[in-house]
*Asks:* 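Starting off with a structure, shown below.
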Amino acid sequence: MGGMNRSLHYVAAEIGVTAEDISGWIERRWVLPARSGDKPAFDDADRARIRMILDFHRDLAIDDEAMPVVLDLVDRLHAARAQLRTLLEAVAGLPEPEQTVILRKVRGETEQ
Amino acid sequence: MRPEPGARILLVIPGLAASCGEAGWQRYCRAMNDPYKTLGVSKTASADEIKKAYRKLAKQHHPDLNPGSAAAASKFKDISGAYDLLSDADKRGRFDRGEIDASGQERADSSFYRSHAGGPQGARYRANAGFDPSDLFADMFARAGQGGGGGGGFGFGRGGGDFQEFRMRGSDQSYTLTVDFIEAAKGAQKRLSFPDGRTLDVNVPAGTETRTVLRLRNQGQPGTGGGPAGDALIEVTVEPHPLFRREGNNVLVELPVTLTEALLGGKINVPTIDGPVSMTVPAGSNTGTRLRLRGRGVAPKGAAAGDQYITLKVMLPKEPDAALSDFIKTWPGREYDVRSA
């Protein structure tokens, strides 16, 4: 997943958005690149996030007012998914009878 | 979607789909039969109508709004491909005139944020959401608790203020308990001693059979954060009895009788689970004769009592009796058939 960290101008050209736009998004903390010296360094996730913001803005007509709400919900969704995955991994590590009990509960089956 | 700078639009000649592959970038060529249909617009739709239709569909199917959904990703590829073509007046005209096919370049899956969001690189954005794992659990399970019957499992109770404390039911604990036949048949109170020194009085109900599991609510491991304790699960083993056997609620016993009692009949005392009961053996009884004592079996709570069945077993005197032998030698009916069917 690592990939190479890219400069602001490289990413702006690659994605087709102005460096000023990206800088504004960093200021609003919509994008949180690592820093290399005093310059931002964008990894794959940052670049995909910039594409996502661009899509949301241009294709989905989400404006600057609504954007933080949408990004917050997307981030919460991924956090929830990450936690659910952790939980499922924990369940997978249990002996089978416990797994069965939990999975039954999840499916809404009642205790006999 | 606007093509990215440097990205090529692949114009695919039907039958030459193999030209879609390009080293370095994973690109796909997908034949979209009718981009108008994909966007749900008419052939005469204006640019504005096309844009509106695309935005409506994109809001629904954008992969970053549908993480985990392969269907959304595939649908989004179709609609963005269709929009690529129809939003460009030149390309749209060429498509309408049949000069080009409805295939375009598509974004690699890895260019969507959702491919990164769950990984280590996405962690800082998840954290940025002000999201603590226990918040998620608190939220998820508080809702679950409100909806369901609250029958145990995980649970989250409200602590002080906005803080929701983690609350979890204790785990169940298994024990075994051996009871004798009569205790199991008639019911009994047994005292269990736990390893931690606790004792627990267990009510063994009448009619308990071997391998019955008794569940004692909240007598298992204590819960955390004020959650309920788990249950104690007690598996009962019933010891066999030298005389009695059980078949459901009926009690079976094999009872030796003398030759005299069998031949001439008489009153005998029969053991039951409630103590000896007097009973008449009819004259002419034999080994294998089955007699019934109605209602003398096991009586579980709320069910009709079973019966006791007595199977007779005729016994000769332990020591050979000379007088009996002499009589039999001269008894005219001494040869009788017992083996033919």
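Letters go in sequence order (proteins before strands), and every chain restarts at 1.
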*Asks:* Can you tell me how far the CZ atom of Phe112(B) sits from the CE atom of Met52(A), to the nearest 0.5 Å?
*Replies:* 11.5 Å

*Asks:* Is the NZ atom of Lys59(B) crowded by more than 12 outside heavy atoms at less than 6.0 Å?
*Replies:* yes

*Asks:* To check you understand the geometry: which heavy-atom pair defines the closest contact between Ala45(A) and Tyr113(B), and what is its length?
*Replies:*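 Nearest heavy atoms, Ala45(A) then Tyr113(B): O-CD1, 3.7 Å.
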
*Asks:* Identify the heavy atoms of Arg81(A) and Pro67(B) that sit nearest to each other, and give their distance.
*Replies:*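 Where Arg81(A) meets Pro67(B) most closely, the heavy atoms are NH1-O, 3.3 Å.
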
*Asks:* Please examine the side chains of Leu65(B) and Leu60(A), heavy atoms only from C-beta on, and report whether any two atoms are closer than 4.5 Å.
*Replies:* yes

*Asks:* Check whether Val31(A) gets within reach of chain B through its side chain, its backbone, both or neither, counting any heavy atom under 4.5 Å.
*Replies:*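 The answer is both parts of Val31(A).
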
*Asks:* For residues His78(A) and Arg114(B), determine if any side-chain heavy atom of one lies less than 4.5 Å from a side-chain heavy atom of the other.
*Replies:* yes

*Asks:* If you count heavy atoms of other groups shown closer than 6.0 angstrom to CZ of Arg211(B), is the number above 12?
*Replies:*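 Check fails, neighbour count at 12 or below.
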
*Asks:* For a quick check under 3.5 Å, do Asp59(A) and His62(B) share a side-chain donor-acceptor pair by atom type?
*Replies:* no

*Asks:* Taking Arg49(A) for the side chain and His116(B) for the main chain, is one N or O donor matched with an acceptor at less than 3.5 Å?
*Replies:*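 No, because the side chain of Arg49(A) does not come within donor-acceptor range (under 3.5 Å) of the backbone of His116(B).
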
